[in-house]
Student: 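Shown below is the structure under consideration.
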Amino acid sequence: MRRLVAGTLAAGALALSLTGCGESVEPIERLGRKTTQEPSQTPTASATVPASSPAPAPGGASDEAYKKWGLTAPVQYAPKPAQKPQLPKAAPGKVPVIDRIPLPAGEKIVFLTFDDGAEKDPEFLKMAADLQLPISMFLTDSVASSDYGHFEKLRDNGSASTVNNHTLTHPNLRTLSFEAQKKEICGQQDKLEKRFGQRPPLFRPPFGNYNDDTLRAASECGVSSILLWRVSMQINNFQYAQGSALQPGDIILAHFRGPSELKGASEVQMTTRMLQRIQEQGYRIGRLEDYL
């Protein structure tokens with residue numbers, strides 16, 4: 001199997017902070033692949049996946065909920081696909097790395113992910129529940145564990161949101177030995193399993209930084225896939241790994257952050273702007289796990 005390699009992308013790395021991913025939000029983290037391996041080919045969508053499906057869509061918000069949260073139109077959700085797309089396969093003893101979901105031609109769907117867990121805004125819980133946003137959470141124990149109950153409420157609000165692994169302390173894994181990486185990943189797997197009753201299948205390395213040891217350690221810790229991203233939400237707008245617009249299958253990175261990190265904006269305000277940008281570009285929101 002081909003081995004994956006680092007892509008050189010626009011956003012620079014940020015120093016670690018107590019918020020988990022960096023001192024400021026513009027720009028947030030590195031985008032795309034950050035590894036020492038050769039690039040894999042972008043996977044193609046399965047030809048048997050239909051453009052639409054009779055399966056129930058995520059979301060399910062009331063027709064009026066969008067007005068409460070500053071949107072001019074309801075959020076559009078994609079139904080669960082009848083068949084999952086073809087995704088990259090990993091070599092034995094490793095896990096695959098996914099940074100975009102392959103979709104059938106014509107499908108304009110993106111996926112919401114939120115990292116770290118520093119901010120625990122009760123208004124955001126109301127917003128996510130009202131709009132029924134399907135969010136894939138990637139939690140770091142050092143910042144999220146002060147109130148894991150907050151994220152349990154988000155998981156259990158009826159939106160089918162999920163809790164996943166973002167390490168114990170948010171280190172740059174490429175600077176650590178295999179054993180140290182395994183401690184970070186397995187340690188958080190154990191904590192999340194104990195707290196939430198399920199061992200997370202998905203893992204996101206801090207800053208998008210990983211290497212061959214990360215792929216092996218994640219596999220040994222029971223992870224099924226490493227999830228990266230191609231787009232990150234800043235305070236007001238998206239930052240793109242390539243181009244100047246969303247692309248079908250984009251995994252969007254956002255953070256659980258508050259006014260001190262968002263230059264006075266709230267997590268709700270940031271999320272409203274993110275949803276507006278998605279709507280402006282004509283995209284629907286899918287539940288990431290339905291495609292994996």
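Just so you know, these numbers use all the heavy atoms, side chains as well, and skip hydrogens, waters and symmetry mates. Just so it is clear, the model here is predicted, and its values are computed rather than measured. The first residue of the sequence shown is numbered 1, and numbering continues consecutively from there.
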Student: Who passes side-chain contact (heavy atoms from CB on, under 4.5 Å) against Ser145, sequence neighbours left out?
Tutor: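 Only Asp141, Tyr148 meet the side-chain contact (heavy atoms from CB on, under 4.5 Å) criterion with Ser145.
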Student: If I take atom CZ from residue Phe151 and atom CG from residue Leu192, how far apart are they, to the nearest 0.5 angstrom?
Tutor: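 The CZ atom of Phe151 sits 11.0 Å away from the CG atom of Leu192.
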Student: Kindly indicate whether the side chain of Thr271, heavy atoms from C-beta on, has any atom under 4.5 Å from the side chain of Leu133.
Tutor: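 When only atoms from C-beta onward are counted, Leu133 and Thr271 do touch, with a gap below 4.5 Å.
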Student: When the aromatic ring centroids of His170 and Phe207 are compared, is their separation below 6.0 Å?
Tutor: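 Ring-ring flag for His170/Phe207: true, centres closer than 6.0 Å.
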Student: Does a donor on one side chain sit under 3.5 Å from an acceptor on the other, for Asp99 and Trp229?
Tutor: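 Judged by distance alone, the side chains do not pair up.
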Student: side-chain contact (heavy atoms from CB on, under 4.5 Å) with Leu176: which residues, sequence neighbours excluded?
Tutor: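 Leu176 satisfies side-chain contact (heavy atoms from CB on, under 4.5 Å) with Pro171, Leu173, Ala180, Gln181, Glu184 only.
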Student: Just how far is it from atom NZ of Lys153 to atom NZ of Lys126, taken to the nearest 0.5 Å?
Tutor: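 Result: 10.5 Å between the selected atoms.
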Student: Can any side-chain N or O of His166 pair as donor or acceptor with the backbone N or O of Asp116 at less than 3.5 Å?
Tutor: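 Looks like no, no N/O pair under 3.5 Å.
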Student: Regarding Glu64 and Lys67, does a basic nitrogen lie under 4.0 Å from an acidic carboxylate oxygen?
Tutor: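 Answer for the salt bridge query: yes.
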Student: Look at Asp213 together with Arg174 and state whether they make a salt bridge at an N to O cut-off of under 4.0 Å.
Tutor: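 Between Arg174 and Asp213 there is no salt bridge, as every charged N stays at least 4.0 Å from the carboxylate O atoms.
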Student: Hey, is the main chain of Ser136 close enough, under 3.5 Å, to the side chain of Thr162 for a donor-acceptor pair?
Tutor: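 Not at all, since once roles are kept as given, no pair shorter than 3.5 Å links the two residues.
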Student: What's the spacing between Thr167 OG1 and Lys183 NZ if we round to 0.5 Å?
Tutor: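 Result: 12.5 Å between the selected atoms.
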Student: Would a 4.5 Å heavy-atom cut-off, applied to side chains only, mark Arg287 and Lys80 as touching?
Tutor: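 No, their side chains stay 4.5 Å or more apart.
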Student: Is any NZ, NE, NH1 or NH2 atom of the basic residue among Glu267 and Arg257 found under 4.0 Å from an Asp or Glu carboxylate oxygen of the other?
Tutor: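 Judged by the 4.0 Å cut-off on N to carboxylate O distance, Glu267 and Arg257 do not form a salt bridge.
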Student: Does a side-chain heavy-atom distance below 4.5 Å link Lys182 with Arg216?
Tutor: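 SC-SC contact between Lys182 and Arg216 ruled out.
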Student: Look only at the side chain of Gln279 and the backbone of Ala73, and say whether a donor-acceptor pair between them is shorter than 3.5 Å.
Tutor: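 Here the side-chain-to-backbone pair exists.
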Student: Taking all non-hydrogen atoms of both residues into account, name the closest pair between Ala254 and Met270 and its distance.
Tutor: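 In terms of heavy atoms, the two residues are closest at CB-CE, 4.2 Å.
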Student: Flag the pair Ser159 / Asn157 as yes when at least one side-chain heavy-atom distance between them is below 4.5 Å, and no otherwise.
Tutor: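 A side-chain contact exists here, since the closest heavy-atom pair is under 4.5 Å.
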Student: Do the side chains of Asp190 and Arg199 get close enough for a salt bridge, i.e. N-O under 4.0 angstrom?
Tutor: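 Looking at Arg199 together with Asp190, the answer is yes, because their closest N to O distance falls below 4.0 Å.
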Student: Taking all atoms of both residues into account, what is the closest heavy-atom pair of Gly93 and Ser219, and its distance?
Tutor: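 Looking at all heavy atoms of both residues, the shortest contact is O-CB, 3.4 Å.
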Student: If you take all heavy atoms of Met274 and Phe114, which pair is closest and at what distance?
Tutor: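 That closest heavy-atom pairing would be CE-CZ, 3.7 Å.
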Student: Between Ile101 and Pro85, which heavy-atom pair has the shortest distance, and what is it?
Tutor: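 Closest pair (atom of Ile101, atom of Pro85, distance): CG2-CG, 4.0 Å.
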Student: Distance under 6.0 Å and angle within 45° of the ring axis: does Lys108 meet both against Tyr283?
Tutor: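 Checked: cation-pi criterion met.
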Student: Is Arg277 close to Asn237 at the side-chain level, that is, under 4.5 Å between some pair of heavy atoms?
Tutor: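 They are in side-chain contact.
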Student: Any sub-3.5 Å donor-acceptor pair from Thr272's side-chain atoms to Trp69's backbone N or O?
Tutor: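 Checking the backbone N and O of Trp69 against the side chain of Thr272, a donor-acceptor pair under 3.5 Å is found.
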Student: Report the C-alpha separation of Glu119 and Val143 in whole Å, then their side-chain angles, then the decisive distance to 0.1 Å, and conclude whether the side chain to side chain contact (heavy atoms under 4.5 Å, CB included) test is met.
Tutor: CA-CA 9 Å; Glu119 182 70 8; Val143 292; over 6 Å; no
Student: Counting the benzene-type ring for Trp, do Tyr291 and Phe111 have ring centres under 6.0 Å apart?
Tutor: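 Yes.
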Student: Grab the two heavy atoms, one from Ser161 and one from Leu154, that are nearest each other, plus how far apart they are.
Tutor: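 Between these two residues, the closest heavy atoms are CB-O, 3.8 Å.
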Student: Does any part of the side chain of Pro205, heavy atoms only, come nearer than 4.5 Å to the side chain of Leu228, both counted from C-beta?
Tutor: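 The answer is yes; the side chains approach within 4.5 Å.
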Student: Pairs in or reaching into residues 180-282: which pass disulfide bond (SG atoms under 2.5 Å apart), with residues at least two apart or in two chains?
Tutor: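 The answer is Cys186-Cys221.
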Student: Whether the Arg230 and Gln242 side chains hold a donor-acceptor pair (N or O, under 3.5 Å, no angle test) is what I'd like checked.
Tutor: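 There is such a pair between these side chains.
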Student: First locate atom CG of Leu246, then atom CD of Glu280, and finally report the distance between them rounded to the nearest 0.5 Å.
Tutor: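 That separation rounds to 10.0 Å.
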Student: Hey, could you give me the CD1/OG1 distance between Ile252 and Thr113, rounded to the nearest 0.5 Å?
Tutor: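 Here the rounded value is 8.0 Å.
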Student: Among Leu253, Ile278, Leu288, Ile251, which one satisfies side-chain contact (heavy atoms from CB on, under 4.5 Å) with Leu112?
Tutor: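 The passing option is Ile278.
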Student: For the residue pair Arg155 and Met137, what are the closest heavy atoms and their distance?
Tutor: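 Minimum heavy-atom separation between Arg155 and Met137: N-CE, 3.8 Å.
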Student: Report yes if the side chains of Met127 and Leu275 come closer than 4.5 Å at any heavy-atom pair, otherwise no.
Tutor: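 Side-chain contact under 4.5 Å: yes.
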Student: Would you indicate whether the side-chain heavy atoms of Leu168 and Thr140 approach each other to under 4.5 Å?
Tutor: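 No. Closest side-chain heavy atoms not under 4.5 Å.
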Student: Tell me yes or no: between the side chains of Asn211 and Thr214, is some donor less than 3.5 Å from an acceptor?
Tutor: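 On atom types as modelled, these side chains qualify, holding a pair under 3.5 Å.
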Student: Taking side-chain hydrogen bond (donor to acceptor under 3.5 Å, both in side chains) as the criterion, tell me which of Glu193, Gln189, Lys191 meets it with Asn165.
Tutor: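 Of the listed options, the one satisfying the test is Gln189.
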